[in-house]
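Working notes for the structure below.
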4 protein chains.
Amino acid sequence: MMKAAKTKRRNAATANSAKGRSATSTVGATSSQTGRVANPPNRAARAAQRRAAIIAAGLDEFTARGFAATRLDDVAKRAGVAKGTIYLHFKDKEALFQELVRTALVPLIGNLMTVPAAGGSVREILERFAETFVRDVAGTKRGDIVRLIMAEGTRFPSLADFYFREVVSRGLAGMRKLIEYGIERGEIRNARLADFPQIVIAPAMVAVMWQGLFGRHAPLDAVAMLKVHLDLIFGERRAS
Amino acid sequence: MMKAAKTKRRNAATANSAKGRSATSTVGATSSQTGRVANPPNRAARAAQRRAAIIAAGLDEFTARGFAATRLDDVAKRAGVAKGTIYLHFKDKEALFQELVRTALVPLIGNLMTVPAAGGSVREILERFAETFVRDVAGTKRGDIVRLIMAEGTRFPSLADFYFREVVSRGLAGMRKLIEYGIERGEIRNARLADFPQIVIAPAMVAVMWQGLFGRHAPLDAVAMLKVHLDLIFGERRAS
Amino acid sequence: MMKAAKTKRRNAATANSAKGRSATSTVGATSSQTGRVANPPNRAARAAQRRAAIIAAGLDEFTARGFAATRLDDVAKRAGVAKGTIYLHFKDKEALFQELVRTALVPLIGNLMTVPAAGGSVREILERFAETFVRDVAGTKRGDIVRLIMAEGTRFPSLADFYFREVVSRGLAGMRKLIEYGIERGEIRNARLADFPQIVIAPAMVAVMWQGLFGRHAPLDAVAMLKVHLDLIFGERRAS
Amino acid sequence: MMKAAKTKRRNAATANSAKGRSATSTVGATSSQTGRVANPPNRAARAAQRRAAIIAAGLDEFTARGFAATRLDDVAKRAGVAKGTIYLHFKDKEALFQELVRTALVPLIGNLMTVPAAGGSVREILERFAETFVRDVAGTKRGDIVRLIMAEGTRFPSLADFYFREVVSRGLAGMRKLIEYGIERGEIRNARLADFPQIVIAPAMVAVMWQGLFGRHAPLDAVAMLKVHLDLIFGERRAS
DNA sequence: GATGAATGAGAATTCATTCAT
DNA sequence: AATGAATGAATTCTCATTCAT
């Protein structure tokens with residue numbers, strides 16, 4: 001009746017790959033049709049490019065279908081490489097999956113850490129954070145990764161651990177610092193908030209889930225929501 | 001050439017079934033009509049029992065492995081029935097999955113609607129709600145279902161729709177009413193909260209996710225967290 | 001793409017059965033609702049009726065799908081009995097199949113033997129035979145049986161043997177006698193025809209096949225064809 | 001939890017393949033391009049060879065058991081390939097079946113069209129045709145195909161259509177032309193025979209059926225039979 | 001290094017047959 | 001005797017993984 005997870009794509013996959021180079025490198029790719037390698041951007045670079053293409057393709061497929069339902073055949077097609085090539089770079093499906101998630105998580109971590117670096121009041125910092133988050137994570141591929149981890153975390157404890165260690169605990173630590181700073185500055189009244197930085201993050205997480213699951217049918221003004229939430233934390237603002 | 005007489009009937013089937021049943025069904029060995037063993041109700045009851053056992057087993061397996069990675073063979077084993085029996089009750093794997101989720105969701109819905117029914121201040125109601133939620137959902141099989149939907153929602157849009165329709169929108173509507181009542185009563189100052197009942201729910205959702213993913217390594221005092229969150233919403237309480 | 005042999009009938013089956021009684025006995029069946037058997041048309045008769053219903057249903061199914069693709073479930077449904085009942089009358093699927101074909105063959109045999117009994121010239125006899133054959137066999141259920149034997153004969157040698165013994169050799173023997181009579185009477189000139197009675201039968205067999213396979217798209221005037229064939233055997237007729 | 005390293009490769013695959021291939025493919029070990037063993041053609045050739053082996057094996061199995069009762073496992077074994085390989089060449093069992101029949105039919109068609117090409121009287125042509133037919137079709141694999149179509153035609157209408165279009169209607173058209181030529185030449189007296197070329201073919205068809213079903217127990221001198229039939233059509237010959 | 005044809009373990013689904021009611 | 005729920009062997013089809021080219 002429903003036939004989910006069966007989408008025989010089979011095409012449109014090679015679109016963004018065409019040998020998997022276009023996305024990342026518009027580098028020195030002048031020409032290379034008939035001959036073998038008229039312009040070889042040295043072996044290592046080529047390999048790295050392929051690897052990146054596989055990771056990118058895998059990310060799309062895994063977020064769309066989950067680990068078990070993803071076919072390496074499709075990943076290969078999307079990456080513009082042969083199936084066997086995947087095994088040149090990754091031990092097996094699981095290794096690809098784990099590495100891919102780890103790789104995708106790094107920018108998320110970076111992002112998390114840099115935003116607050118900018119100055120201003122804590123409220124201002126969090127407001128900027130909220131905007132950045134909604135723009136760059138919720139409803140984007142980045143958000144899909146978060147949802148992917150929620151989905152597969154139980155089956156891949158090491159992944160959940162990694163996520164916890166690298167993203168969650170760091171993010172919460174940073175958030176805690178910020179909260180403490182806000183308390184210090186008198187911006188935040190409730191001192192116990194520092195014990196549960198999750199509270200500050202929670203609506204953002206809900207936004208991610210919402211966009212992924214219900215966004216299509218019931219769009220959510222995530223920025224507005226996060227601002228109301230900040231009002232709760234900092235006390236209502238006079239001027240909007 | 002012609003295969004005949006193959007079925008090796010063996011009555012060890014009901015042996016391991018108790019394991020599969022006990023977890024969910026509190027039906028237990030209460031009565032017995034026609035006689036024979038301790039618990040052999042009539043045909044229809046037996047069928048219903050088996051069906052329930054399959055659903056219970058399926059729930060365990062699906063929440064543990066996700067849709068694609070669950071083997072009906074395992075579900076059957078856990079339910080103490082033969083593989084074919086599943087197909088007597090459900091058209092295919094997907095039908096089982098969907099029905100199972102829907103079935104599991106109903107008590108959740110009921111729960112959600114009854115708790116606030118009790119009287120008292122809005123703060124008291126929400127506090128009671130938080131306690132109930134933490135006890136009955138977060139970290140329990142119920143929570144697993146929620147996480148299951150988060151995980152498979154994208155692949156089973158009709159499920160996500162169902163969940164949205166039956167649980168999310170109803171729950172949010174109830175929550176909104178409660179918030180409006182709180183605003184009316186002067187308990188809640190920020191009127192815009194009524195626009196985003198998700199904010200009130202958010203930490204609870206995060207608690208569910210947390211317990212499922214990180215609970216083992218980094219336990220979270222969910223009740224305490226939810227109380228701090230209520231403090232943000234209602235203003236700090238003087239006496240705890 | 002094609003999906004043959006999958007027709008999930010599932011209904012319309014119980015029509016001609018309604019407990020399998022109506023067909024044969026309108027006997028003393030006054031009433032028999034609540035009690036066990038207020039008016040038992042004796043056990044044996046009931047059993048025979050059921051058996052007949054199963055055979056009739058089996059014939060339909062087997063001719064439509066072939067042996068392997070026929071489901072006993074469908075046979076039971078069409079016969080208006082439970083699946084298990086089939087096993088009360090037949091050892092297994094194969095036994096049902098074989099007996100059913102044998103049963104169905106008997107009238108064919110009878111038919112074959114009686115027609116020529118009538119008097120007249122050999123030409124007249126064969127013309128009558130042709131008409132009867134086209135009307136009662138080609139394009140009817142009887143013809144389906146013949147085609148069924150052609151189809152499954154290789155897999156059921158005992159069936160092919162039975163068919164050969166009971167139908168083919170008898171039929172050919174009868175036909176040979178007729179030919180010899182025709183030669184004697186001077187109606188048939190080619191004496192060697194008696195060595196190959198198959199020749200006389202051949203166009204009739206082709207008609208059976210044709211109707212079953214191509215009849216829908218390319219109808220064949222079988223009677224006309226058979227008459228032309230008789231013209232070859234007897235020499236052209238003056239008056240048509 | 002994760003299954004890894006399961007494929008127990010064993011190179012005994014090609015061992016029993018010879019058996020499966022030799023029967024049908026007269027391709028044999030003729031040449032060898034790149035070297036290595038006795039018969040290792042290039043990729044494409046290997047693929048074509050495998051495909052041919054599958055078709056040959058399928059033909060044997062399908063004619064022996066019919067569509068439904070044939071196991072792809074057996075086809076694979078007979079072809080000397082792995083089960084999965086079949087799916088590299090054919091979408092599913094049905095696709096294999098249909099293509100196989102079509103493929104097998106082509107030579108039949110060719111045959112049909114070339115034989116009459118030779119000159120001589122119509123009687124001579126048909127006599128030659130009869131001999132060729134008996135030798136190359138009746139009682140051979142070719143004949144099995146015809147019987148296979150008779151058997152499965154009802155369940156695969158598109159096959160029956162194909163057979164009708166490509167073999168039957170062409171064959172009949174050719175036969176009709178021949179008959180008309182015979183009438184023109186005065187060899188055939190009954191002009192209406194041109195309306196039913198089936199009559200000329202009929203004994204040949206019966207011969208095919210006969211050899212397949214009863215040939216073992218009751219051999220039939222098909223050539224003699226067809227000659228007697230020709231005597232009917234052309235009038236008896238003086239000298240045999 | 002790349003490729004993709006080939007492999008075969010594995011999982012879903014079907015259906016003849018049995019047997020408790 | 002009749003029923004039809006339950007069983008599990010058998011079969012199709014998929015896809016991760018390997019390896020000859």
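Letters A, B, ... are given to chains in the order of the sequence lines, protein chains preceding strands, and every chain is numbered from 1.
- Residues D/Ala79 and D/Ala53 share a closest heavy-atom pair of CB-O, 3.6 Å.
- For the OP1/OP2 pair of E/dG8 and a distance below 4.0 Å, the side-chain nitrogens and oxygens of D/Lys83 include no atom meeting the criterion.
- The closest donor-acceptor contact from the side chain of B/Lys93 to the backbone of B/Ala68 lies under 3.5 Å.
- Listed nucleotides: F/dC13, F/dT7, F/dA16. Nearest to the side chain of D/Leu72: F/dC13.
- For C/Glu152, the side-chain contact (heavy atoms from CB on, under 4.5 Å) partners are C/Phe67, C/Phe97, C/Leu148, C/Arg155, C/Phe156, not counting sequence neighbours.
- For D/Ala64, there are no side-chain contact (heavy atoms from CB on, under 4.5 Å) partners two or more places apart in sequence or in a different chain.
- The distance from atom CZ of B/Arg65 to atom C1' of E/dA11 is 14 Å, rounded to the nearest whole Å.
- Here the C1' atom of nucleotide E/dA16 and the CG atom of C/Asp74 are 13 Å apart, to the nearest Å.
- Between the CD1 atom of D/Ile86 and the C1' atom of E/dA6 there is a distance of 12 Å, rounded to whole Å.
- Considering only residues two or more places apart in sequence or on other chains, C/Gln98 meets the side chain to side chain donor-acceptor pair (under 3.5 Å) condition with C/Glu94, C/Arg102, C/Ser158.
- Residue A/Thr85 places at least one side-chain N or O under 4.0 Å from the OP1 or OP2 atom of E/dT3.
- Side-chain N/O atoms of B/His89 include one lying less than 4.0 angstrom from OP1 or OP2 on F/dA6.
- Here E/dC15 presents its P atom at 12 Å from CD of C/Glu61, a figure rounded to the nearest Å.
- For the salt bridge (charged side-chain N to carboxylate O under 4.0 Å, His left out) test, residues two or more places apart in sequence or in another chain that qualify with B/Glu61 are B/Arg65, B/Arg78.
- Residue A/Arg50 places at least one side-chain N or O under 4.0 Å from the OP1 or OP2 atom of E/dT3.
- Between the CD atom of D/Gln49 and the P atom of E/dA5 there is a distance of 16 Å, rounded to whole Å.
- Residue C/Arg71 contributes atom CZ, which lies 9 Å from atom C1' of E/dT14 at whole-angstrom precision.
- As a whole-Å value, the separation of D/Arg51 CZ from E/dA5 P is 13 Å.
- Distance NZ (B/Lys91) to P (E/dT14): 8 Å, rounded to an integer number of Å.
- Secondary-structure annotation of DNA chain F gives the stems E:2-21 with F:2-21, with a stem taken as at least 3 successive Watson-Crick or G-U pairs whose two distances both fall under 3.5 Å.
- In this structure, B/Asp73 has no salt bridge (charged side-chain N to carboxylate O under 4.0 Å, His left out) partners at least two apart in sequence or on a different chain.
- Toward the 5' end of DNA chain F, the nearer of the two residues D/Thr70 and D/Leu88, judged by each one's closest nucleotide, is D/Thr70.
- Both B/Ala68 and C/Tyr87 sit near DNA chain E, but only B/Ala68 has its closest nucleotide nearer the 5' end.
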